[in-house]
Structure formats: structure tokens, C-alpha cells
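Input: a single structure, listed below in C-alpha cells.
Naming: A, B, ... by sequence-line order, numbering from 1 per chain.
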Protein chains: 2
Amino acid sequence: MDKQTITIYDVAREANVSMATVSRVVNGNQNVKPVTRKKVLEVIERLDYRPNAVARGLASKKTTTVGVIIPDISNVYFSSLARGIDDVATMYKYNIILANSDGDDVKEINVLNTLFAKQVDGVIFMGHRITDRIRAEFSRSRTPIVLAGSIDPDEQVGSVNIDYKQATKDAINLLAKNGNKKIAFLTGALLDPINGQARLQGYREALEENGIEYNEGLVFESHYSFEEGLKITERVKTSGATAAFVVNDDLAVGLLDGLLDLGVKVPSEFEIVTSNNSQITNMVRPRLTSVSQPLYDLGAVAMRLLTKMMNHEEIEEKNIILPFGIDEKDSTK
Amino acid sequence: MDKQTITIYDVAREANVSMATVSRVVNGNQNVKPVTRKKVLEVIERLDYRPNAVARGLASKKTTTVGVIIPDISNVYFSSLARGIDDVATMYKYNIILANSDGDDVKEINVLNTLFAKQVDGVIFMGHRITDRIRAEFSRSRTPIVLAGSIDPDEQVGSVNIDYKQATKDAINLLAKNGNKKIAFLTGALLDPINGQARLQGYREALEENGIEYNEGLVFESHYSFEEGLKITERVKTSGATAAFVVNDDLAVGLLDGLLDLGVKVPSEFEIVTSNNSQITNMVRPRLTSVSQPLYDLGAVAMRLLTKMMNHEEIEEKNIILPFGIDEKDSTK
DNA sequence: TTGAAAGCGCTAACAT
DNA sequence: ATGTTAGCGCTTTCAA
């Protein structure tokens, strides 16, 4: 495959030492006399020897590779997480195998299995919904797994999230304080635990605390996209809502543009709070007020947690909650 | 590592056949009597045998894994390419090891070497600039390499791009036809061949063809970010330019917002054409006219080319140019 | 159609 | 401090 592979054996022969000794110097084992080490290092340099990580993986049962299953890397929300994951992975000398699942159950299972086949040392999983089938696959293997920005009520594996329920409550409170009585809730699939459970519950609780009655007609189930936001605008407006909490930035921008196109003034006539505070929220005019999630950190902390699990380190808490904020900008009064 | 690994040997024993036969059925080799195959398959099912891809990789010298070096996955331009790459990779049963380089020479070299160490079957490289050092690393190995959305004047390895020079000419022509005499050129590092050579040249040629004199004062070297766009607005306006061609969408949106904040009307008082037509160009108001690059396809085609190289298939042309367009929207008259 | 056996390149006891 | 020697789990000639 390579020009002509130089193996550890070649180095050993040239340096007049055993393979074991070469292996020791390559792996930084201290039990090597400095003179020997120097000699070996010279030969390695001279022959341009590069250790074969596959052979190493087979012999040591460690691949220094972790799998990352992600719905869609071209979505900023996930790519921000991914960047945090990769940076910490690199820091700890791991590489990541990245695989898109489109949130599809079958794809998730397939890719999880090929990752296991490739003997990854750990897996970071992002998905809207943890199905029973996936959960079953999780428990089939001993490979450590961490969810990032994804909730599993079961809490079998590690996870890193924010308190979506409280974040939603804070957002709704802001909107209620500003005098809104009819606050729409724009979400993706309500089947997803983050939406259907955490956020929707936060929405309902906040309404109640503000003396506003819950009205199903103000809950809109849509998809995470700009176009869907544009499309749903009419219905939202017709509902009589004067404000909306949106779970996704693309969707929120769609709503914003839809409203502006209709001649509705934001925020004077309609207020919007979105959820991810991605850069797009600063690029549109008016800039969108948003829950601010530490996306990069969500990924970074998830990977850090995974390294601990892979090293069998003591873990204080395997279901981590990171702080969030509310970034008030121009789409709220 | 796993619960207790079932190996090919266990299957062979249980099925009363040799390892070779099990290997054959696992790999779909036709030289197996149907009865035997059935028997083996049953045992595989019963024992829940999963082939170890690392062992396979060592024995066969194929890992069905390709490395992807990317400046920053959290940037939509690159993550779009990455998505195209992964989809085609999946289609051909490859996985991708994704590594961020920040466009940094040293990181690029490091990660390239660890990818080689991990015996990837091929590499897709994205970077603003192919340095001599990287080029040297490329030629050290026989592993096939393809550049995606990245130019190397050397053309030693495969590549997939659009005709950046012509795209720029088309954009400038549009602006010139609209009556602009002072057209700014907003770019990232001019050292990058795509900017400093292809695009700048296209800019100059188009100016000349339109009888406009080239003026260095209208060329702005900046960075690929929204904030930089905001910052540079004042200078661009002061230059007397009435239009700008921008090489990056974030930068273009920064300029747009900067102008709007200054009370400048777009497009009536100032026209903008940007370069990547990412979704953000449709989200801002006015929507940005842009060169449209088939980002996903750039990645997809690059990966397809790589599969051909990995399979030693006949390759008609290893430096591929994909078509582009000009998507006229609301930031031009 | 099937099996035997030699690696693939390295790590990790175990000895010395 | 260094060497010997089994493997790791699979593919792949080569024979039969």
C-alpha cells in the first residue's frame, strides 16, 4: 500500500534491538536506556518509520478514535457541537469518525453498528429522539456513549444538555412581562423529548405562572427550516398571537421574514424569542432575541466526559447540565 | 473490550467449517455451497458475531475509511461540502474521519500524518492555500488525495472546483452593466490562490472589458466573518464605491448590515454580489445576489472521484470543474 | 467448494 | 533495561 512499508521489525533489525524496545521508545515508555532510545530514534528517523495505527489498534484494543453520530453536519446547530467535540478530541489525541443520520432511526442503528465494528473507543450521539431500538443497541456494547444536546429520559448513558424547560420558561416570562397575552409556541416534532416534554412543559408552566390560559391553538408543530417558518407565518398571525417562542433559529428567521413581508412590525407589533442564538440571529434585522446555548461547550464537555469514561476515571455526574442565558436583542421590546 | 468478543474462529468451530469459509460468507464470496452458507449464517446470527473491522483492515490493508481535512466544520461553506462528501462516502461504504485544521499549516500536516498512520484509504483536503510543506506530505504517500473547493496550481492531486475566475467576471459584468464605475472587491487573504489569483484576475479582466480602470484602493483584504464585514463598511463607503463583489457570504452580510445601519439603501444606492449563495443570502433583507456554487456537489463529486482513485478505476479528468450560476436577487438592481 | 496456514504490524506479558 | 514470544481477528494464497 505505501511505497514499501517500513515496520517496527525493520527498525529493530537496523538498530540491533528487539521489537519490544522499539515499541517502548515509540510509546514513550521510560524503561529504555537513553543511549538505546537515541539509537532507535535515529533509525526511525533514517528509515522514516511510521507506526501503523491499525496494527496497534488490533494489538492494544484501542483505536484512539471515537464515533460521532449527528443528524446533519450542514446544520449550524450541530456543526457547532461537532467543532467543540473535535477540538477536545484532538486535545486528548483522539480522532472522530463523523456520520450523518438525518435523525433516521434505521440509519442511526446502521452507523452505530459500523462504528462498533470499527472498534471506536467511544461514541457521541446527537439525535432528536432516542428510540427503544437505539437504546437497545446502546446496551449491547460496553463502549461508552455520551449524548450531546439530546435528551434520553432513561439516562442510561452520559449526556450534556442545558435545562431546556427552564430556558423556555425564562423566554416565556420575558414575553409575558412585555404584556403579551397570546404567545405562540413554534416547534419541530412534539414527539422529540426536548420539545414535547422539556420545552412544552416549560411553556405551559410559565403561562400558568403568568396567569395566562394554555391554548392548544397557539402551539404550532413544524419543521426546522427557514422555508417552513415563512410558510407558517400566516397561520401564526391568524391565531391572534402577538409573540412567539421558537425552538429553532432557521424557523424563527422564517417567521421573522414572513412577518416583515406581511408588513408586521417587529417587535412593536410582534415579538420573537428564538432558541439557539446562532450567528444568524445577529445578521437579520431586527436581530433576534434568543436563549443562548453554549453549543461549542456542549460538544466540548460531552467529549471531555467521554474521555473520562474511556479512561475509567471517576465521574461525578454523567448527566451534565450546562448554563444558558437569554440574549435580549431587537425582536423583543 | 466488548462483552466477550465472538471471533471468526468461534463461528468456524460452531459451524464445523474453517475460518476461511466463514470469511467467505461474510465477504459475500460466491464460492460457497448454499447449504454451507446457510449453516454459517445461522451460527453468525445465533452467536451475534460482528466482524472486527480493525483486524480486517490489518489483514486486507483496506480500512474503508477516508480522511477529511477541513478548515472549520462550523462554517456553512465547509459543512455543506462535508455533507456531500459523507453522503457519497456512505453510498460507497466508507466512513470519514473528520479533522479541523483552521487552515493552519502545522495542524494540516499533523493531522494528515495521523490520518496516514490510521491507514485511511484516501484523503479529501480542503484548505485555502496548499503550501509546499503540505504538498511534500502529499507526495510522501501513495494514498489518493482530492482537493475540494480548494485550488493547487500544481495540480498534483485530484481536485473539484468551479471556475472562480469566470464566476467573478460574470459578477463584475453584472455590476458594471448596472452602471457602476467604482466596484469594490472584498476578499479574504489575497495569498490564497482562489482569491489572489483566480478571483482577483477575473475582477481585473472584467473591469478592463468594461472599460473601467483598475484601482487598488477598491480592493479590500479582510477576513471571512460577519464582524469584519461590519467593520470594513465605513472604509468601503469612503472609497466611493457604489457596488461590491464579496468573496464570502458572512463578510457580505456584514457589509450589508453595515450599510443599512448607515442608512445606505441597497440596492438603489449600493449593490452587492456575494459568492456562496448559502441560505443566509435568502434570510437577510434585501436578499443577496450571489454566485451560486454547488457546494454539496463539490463535496459529493470530490468523494466520487476519490472512490475511483481508490479503486484504481480509469479517470478521465482528475481536475474537475463544476458549473456555477449567478442568482440574481434583491441586492442588485 | 473447502481447509490449512502464513502473515498483516504491533503490544504485552513474561523472562532474563 | 531488554528480549522472546504469543497473540489481536482477520484475509489470502496455496493445496486439496
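- More than 12 non-hydrogen atoms from other residues, nucleotides or ligands lie less than 6.0 angstrom from CD of A:E316.
- Going from atom CG of A:L58 over to atom P of C:dT11 covers 11 Å, rounded to whole Å.
- At most 12 heavy atoms of other shown residues, nucleotides or ligands fall within 6.0 angstrom of atom CD in A:E45.
- A donor-acceptor contact closer than 3.5 angstrom links the side chains of A:R304 and A:T307.
- Screening B:V88, B:T65, B:I85 against B:I96 for a side-chain contact (heavy atoms from CB on, under 4.5 Å) leaves a single residue, B:I85.
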Given protein heavy atoms under 4.0 Å, the one-letter contact record of nucleotides 10-16 of chain D, with B base, S sugar-phosphate only and - none, is simply BBB----
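- With distances taken from any side-chain atom of A:T36 to the nucleotides C:dG9, C:dG3, D:dT2, the minimum falls on D:dT2.
- For the OP1/OP2 pair of D:dG7 and a distance below 4.0 Å, the side-chain nitrogens and oxygens of A:K61 include no atom meeting the criterion.
- The ring of B:F138 has its center closer than 6.0 angstrom to the ring center of B:F125.
- Using a 4.0 Å heavy-atom distance criterion, A:V17 is classed as a sugar-phosphate-only contact.
- Taking atom NZ of A:K33 as the reference point, atom P of D:dG3 lies 10 Å away to the nearest angstrom.
- If you measure from atom CZ of B:R13 to atom P of C:dG3, you get 15 Å, rounded to the nearest angstrom.
- Under the 3.5 Å distance criterion, with hydrogens and angles disregarded, a donor-acceptor pair is assigned to the side chains of A:R56 and A:N27.
- Residue B:D10 is classed as having no contact, given no heavy-atom separation below 4.0 Å to the nucleic acid.
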